[in-house]
2 protein chains.
Amino acid sequence: MAVVRHSPNMSAIAAALGVSAATVSNALSGKGRVSPELAEKIRTKAAELGYVPSLTARALRTGRSGVLGLVLPNIGNPLFPQIAQAIENAAADAGYGVLIADSRGNNNMQTLAIQRLMERQVDGIVVVPRFGTRIGDLGCPVAVIDSPSTPGNTVSSDHWQGGQLVADHLAGLGHRNFVLIGANPQSNVQNDRIGGMKSRLPKDARVEVVWIEKIEAVSGPGCPLGLMDKIERGFTAFAASNDLHALRAVTELQRAGIRIPDQASVVGFDDLAWSSVVSPAITTVRQDMAAIAEIAVNALLAVIDQENAEIPEAGGIAIAQHDRVPMTLVARQTSGRPAIFNSQGNTIKGEIR
Amino acid sequence: MAVVRHSPNMSAIAAALGVSAATVSNALSGKGRVSPELAEKIRTKAAELGYVPSLTARALRTGRSGVLGLVLPNIGNPLFPQIAQAIENAAADAGYGVLIADSRGNNNMQTLAIQRLMERQVDGIVVVPRFGTRIGDLGCPVAVIDSPSTPGNTVSSDHWQGGQLVADHLAGLGHRNFVLIGANPQSNVQNDRIGGMKSRLPKDARVEVVWIEKIEAVSGPGCPLGLMDKIERGFTAFAASNDLHALRAVTELQRAGIRIPDQASVVGFDDLAWSSVVSPAITTVRQDMAAIAEIAVNALLAVIDQENAEIPEAGGIAIAQHDRVPMTLVARQTSGRPAIFNSQGNTIKGEIR
DNA sequence: TCTGCCTGATTAATCGTTTAAGCAGAATAT
DNA sequence: ATATTCTGCTTAAACGATTAATCAGGCAGA
């Protein structure tokens, strides 16, 4: 008995039906002129033989691999799962595969990673750039996910609006003394979030900003952020640019005996994996990654199609008509009314709940 | 001026030098018979023209795509970044690309994800299986990363030994009352970790196991785990099968006013992103992902090579000669000697530090 | 000188698709 | 009745590499 050697190809189907391979191709793609009956016969025969098209051969012929590259500043980032999952799903829905590339935490590698992807002839690249880097003309369609305030951004969350959500939430609860926590002022995303927060704070609010990297540069990584000092000075609301920092704040305060949210409120961003299971569960602002990924992938595919139709030497940056997707606040347990005994310059009488 | 249309191919180099394409191929691959001088000329010309080989064409001809698939139970998992990064690095070092596939959290999708990868003719697949699923003959080389106690496992951390590390650490600090925290008893990884811990606990130790999913089935996701009850009953050591659960324990205890590590010690696994920055920083057991990834990828490549040399219809599961890589304990701030006032049935006098 | 071997190249087939071009017969138009 | 357009299919040429087979000389041995 002859064992099935490899998966059958178009010629096998053609031979089995006594037609030409071209006809099989046309029938399966629905492109050329094939009679409905024959087309049907071909399709059933293909299914019967378990035909699987060779994407490699198709790629060679058409010059399109059906694969998208994904470059992130740092695969180790806790936000990576969300992004990767969303992009993978959006790409899969569009019939594309996703090739990942790690820039291993440094800027040169980002370029190298992109090159490696292009050698594998990806049709386009989705990149979440490291801050401080500009994605230029890569000679390949690119979709950039960063922040609306980044030039060349394709689509991203409306981080500014997200910041406003946080400010409104906390101010609405009665807070007037805010500590804003960021990591690095160079990041557009963080700047937007913090800028958005500041833009909505009440006029009589007192605000201080803490930049983690500055503190760590002095006291070492993982060091305390000096939040108890803020508490003693009457601050009640801690708004971090990130759930990781929010978590850090929560544990630092909790460890010092502060009850959350009774004595202090903490809010983060991104709804990271642990945010809902710690005690108390963290109030956060969530990105609609599925929407972002879909918009990014679609914008990318649009550029790819257009490039394919016109000049092959385009390689531009994809631009979505709708470039900022709104964020949503998820109120959980780390935010509440400021306690009376802790509120200075507070106009409304908050209750301890 | 004619602009460079696309990246030049072998024929372009051949034409520029007045030789045949085959010679160029031989020169660049070093396979056929080419005079050293000509080979050198070809190489410099290739560099000069900026020649990039078409991996697609090569894949079509050789039947090998140079791409590995990576399938995980859930891309959203916080461990994903570590695994993905390690696999990507190991694969890149071996000249391979990595295509990711999300099984979107359910078992059927795992099979589908694998199929999608195979359609893209990956040369092999690295899979971290969902628990409860067996990876059978896929018709394609597979490396399984799960646990040494899983049949068909290629390589993984020695979770049992990791568990022993935890037990030794805590027992060495003087603890005698242990709460072991797991999520799901079906997971081989978690069972190994917990089994390893149990195997090294002192004979006079008191042990209780908490399964999170059981509790959540009753009280809902993210609910308290009832750890204060354990504290009141004299337990001082909380060993979780995972940093996520450890963090959950830390915050739950902290929130209730327990000082860590003075009144209770907590240990986790995996050294997840936040473990080093929360207060107190979490003592954990780290996996050597780089080693695991390298072993897995190498074992996979071995099967690929062998399959390529012999019968094309193999598709077996890769087996590494060294299938378990040791874990290392990272002692941080959540583990310490048990306080005297809390220690029941404790033989040594622990100090409050 | 003739045979045989080695060297350094070329030729041509192949991988599996896609697709432009061609072609025979039927249907329609003039 | 003849010219034209469809229709349904086939032919054959790509895509860019790899590789087995071939071939022309040069050189050594008999």
Side-chain angles (χ1 to χ4, degrees), chain A residues 4-43 45-46 49-67 95 118-121 123 308-309 312, chain B residues 4-43 45-46 49-67 95 118-121 123 308-309 312:
Chain A
V4 192
R5 301 214 153 276
H6 264 331
S7 70
N9 55 16
M10 285 195 159
S11 312
I13 302 178
L17 256 39
V19 298
S20 77
T23 303
V24 175
S25 174
N26 283 330
L28 294 179
S29 67
K31 281 196 170 177
R33 293 183 300 214
V34 186
S35 70
E37 310 86 52
L38 181 53
E40 185 53 33
K41 272 212 306 195
I42 289 177
R43 257 167 290 162
K45 192 53 142 187
L49 295 179
Y51 168 70
V52 178
S54 160
L55 298 191
T56 310
R58 181 178 295 166
L60 177 57
R61 175 61 226 238
T62 62
R64 296 176 48 174
S65 59
V67 173
M118 289 184 50
E119 284 177 14
R120 296 194 180 280
Q121 8 255 154
D123 294 335
N308 204 261
Chain B
V4 192
R5 302 214 152 277
H6 263 332
S7 71
N9 55 17
M10 286 199 157
S11 313
I13 302 178
L17 256 40
V19 297
S20 77
T23 304
V24 175
S25 174
N26 283 330
L28 295 178
S29 66
K31 282 197 170 175
R33 292 185 297 215
V34 186
S35 71
E37 309 85 53
L38 182 53
E40 185 53 31
K41 273 211 307 193
I42 288 177
R43 257 167 290 162
K45 191 53 139 186
L49 295 180
Y51 168 71
V52 178
S54 160
L55 299 191
T56 310
R58 182 179 293 166
L60 177 58
R61 176 61 226 242
T62 63
R64 294 176 50 175
S65 59
V67 174
M118 290 185 50
E119 284 178 15
R120 296 193 180 281
Q121 10 256 159
D123 294 335
N308 204 260

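By convention in this document, chain letters (A, B, ...) are assigned in the order of the sequence lines, proteins followed by strands, and residues within each chain are numbered from 1. If you're wondering where the values come from, they're calculated on a predicted model, not measured in any experiment.
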Original post:
To the nearest angstrom, how far is A/L28 atom CG from C/dT18 atom P?
Top reply: 8 Å
Subject >> Atom pair distance, as rounded to whole Å: CG in A/L55 and C1' in C/dG16 >> reply: 11 Å
**OP:** Report yes if some heavy atom in the side chain of A/Y51 is under 4.5 Å from a heavy atom in the side chain of A/M10; otherwise report no.
**Re:** yes
Original post:
Just by modelled atom types, is the B/G66 backbone N or O under 3.5 Å from a matching donor or acceptor in the B/D123 side chain?
Top reply: yes
Original post:
Atom CD1 in B/I42, atom OG in B/S35: separation rounded to 0.5 Å?
Top reply: 8.0 Å
Original post:
So what does B/S25 touch, heavy atoms closer than 4.0 Å: a base, only the sugar-phosphate, or nothing?
Top reply: base
Original post:
Does A/R120 reach the side chain of A/S65, with side-chain heavy atoms less than 4.5 Å apart?
Top reply: no
Original post:
Are any of the side-chain heavy atoms of A/Q121 and B/L55 separated by less than 4.5 Å?
Top reply: yes
**OP:** Mind calculating the distance between CZ (A/R120) and P (D/dG16) to the nearest angstrom?
**Re:** 18 Å
Original post:
Is the phosphate of C/dT19, meaning OP1 or OP2, less than 4.0 Å from a side-chain N or O of A/K31?
Top reply: yes
Original post:
Rounded to whole angstrom units, what separation is found between the CD1 atom of B/I13 and the C1' atom of D/dG16?
Top reply: 12 Å
Original post:
How many angstroms lie between CG in A/L17 and CD1 in A/I13, if you round to the nearest 0.5 Å?
Top reply: 8.5 Å
Original post:
So does A/R58 reach the base of C/dT18 with its side chain, donor to acceptor, closer than 3.5 Å?
Top reply: no
Subject >> Atom pair distance, as rounded to whole Å: CE in B/M10 and C1' in C/dC15 >> reply: 15 Å
Original post:
To the nearest angstrom, how far is B/N9 atom CG from D/dC15 atom P?
Top reply: 8 Å
Original post:
Starting at CG of B/L60 and ending at P of C/dA13, how long is that distance when rounded to a whole Å?
Top reply: 17 Å
Original post:
Roughly how many Å is it from OH in A/Y51 to C1' in C/dG16, rounded to a whole number?
Top reply: 7 Å
**OP:** Can you check each nucleotide of nucleotides 4-12 of chain C against protein heavy atoms at under 4.0 Å and return B for base, S for sugar-phosphate only, - for none, in 5' to 3' order?
**Re:** ---BBBBB-
Original post:
Between the side chain of B/T23 and the main-chain N/O of B/V19, is any donor-acceptor distance below 3.5 Å?
Top reply: no
